Amino acid sequence: MTILSTTDLTKTYGGITANAGIDFELPEGRIMALIGPNGAGKSTFVGMLSGRIEATRGTVFFDGQDVSRLPAHKRIALGIAYTFQITSVFAGLSVHENVALAARRRLGRDAKAVNAKVADVLDRVGLSSLANQIAGTLSYGHQRILEIAMGLAQDPRLFILDEPTQGLAESEIQDFITLIKSLADTITILLIEHNMDVVMATADLITVLDAGEVLARGTPDEIRDNPAVQAAYLGTDDAEG
Ligand code: ATP
């Protein structure tokens, strides 16, 4: 089943076409990576999916419903969560409090339900032992994992991860790969990612954007072997290998 699809999704800024008529389908329960060179239009695309950016033209369907005109908070309530490139963690609050804030967006003020959700999510991402630590004193890698926890606390059906491994050390990236794969047991994931090792290790499917258009889509093997992708994006090393 397709959980999310777009037709003719388009965004123009004055004379710049950031997204040009994107048709896209995301099967439920899969990890889809969205890749492409800088300025290809990835952030614009997911901004229109989440409702942070208003589309110039086109439609977004989520779970069979046209959500194109819904504001971001209504799309969150339907089950679309996203993390930003820029950290959204409250540095002065504890890990527990940060996740509780996110959980309350969906569960309201039911303290018992919120606490249960926080415990469940922290366990899932491996942060339980740090629940009482002030978020600002966490390592950068743990802060990125906390962001994931905050997204999970909203019980998403689709989780959009915007460059989750940016700025992480190589040792932290391995943990992230394991975490992302474990999430896909229950959640559909759309991953914007520049690190091709992470993409190849996690994605079931890849969509390549270039100059605001879909250049290619397919499995990691198909994308790796696609000459147009190699020319536009992966560079000569991969093209020869
Ligand atoms: P990156 O990987 O660098 O984040 P991206 O693939 O996410 O890039 P976008 O940020 O979506 O690409 O940008 C696509 C195009 O739209 C670029 O040419 C960019 O300059 C332009 N653009 C994005 N946002 C705006 C804006 N608010 N006003 C004008 N032009 C914009």
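Note that ligands are numbered from 1 as they come in the structure, with each ligand's atoms numbered from 1 the same way. Bear in mind that the values here come from a model prediction, so they are computed numbers and not experimental data. Start at 1 with the first residue, then count along the sequence.
Atoms of ligand 1 found under 4.0 Å from any heavy atom of T44, numbered from 1 in the order shown, are 9 (P), 11 (O), 13 (O). Near H194, meaning under 4.0 Å from any of its heavy atoms, are these atoms of ligand 1: 2 (O).
Ligand 1 is never approached by G36 to a heavy-atom distance shorter than 4.0 Å.
Between F45 and ligand 1, a contact under 3.5 Å exists for no N or O pair. The shortest N or O to N or O distance between A40 and ligand 1 is below 3.5 Å.
Within the structure, the side chain to side chain donor-acceptor pair (under 3.5 Å) test picks out the following pairs touching residues 106-116 (sequence neighbours left out): H96-N115. Sorted by first then second residue, the side chain to side chain donor-acceptor pair (under 3.5 Å) pairs that include residues 57-69, not counting sequence neighbours, are T7-T59, D8-R57, T10-R57, D63-R157, D66-S68.
Taken to the nearest 0.5 Å, the CE atom of M32 stands 4.0 Å off from the CZ atom of F24. With rounding to the nearest 0.5 Å, the separation of NZ in K181 from CD1 in I189 is 11.5 Å. Atom CG of D175 and atom CZ of R144 lie 14.5 Å apart (nearest 0.5 Å). Atom CG of residue L191 and atom CD of residue E163 lie 9.5 Å apart, to the nearest 0.5 angstrom.
Counting heavy atoms only, A18 comes closest to atom 16 (O) of ligand 1 of the residues G39, A18, G15. Evaluated by nearest non-hydrogen atom to atom 3 (O) of ligand 1, the leading choice among D210, N38, L209 is N38.
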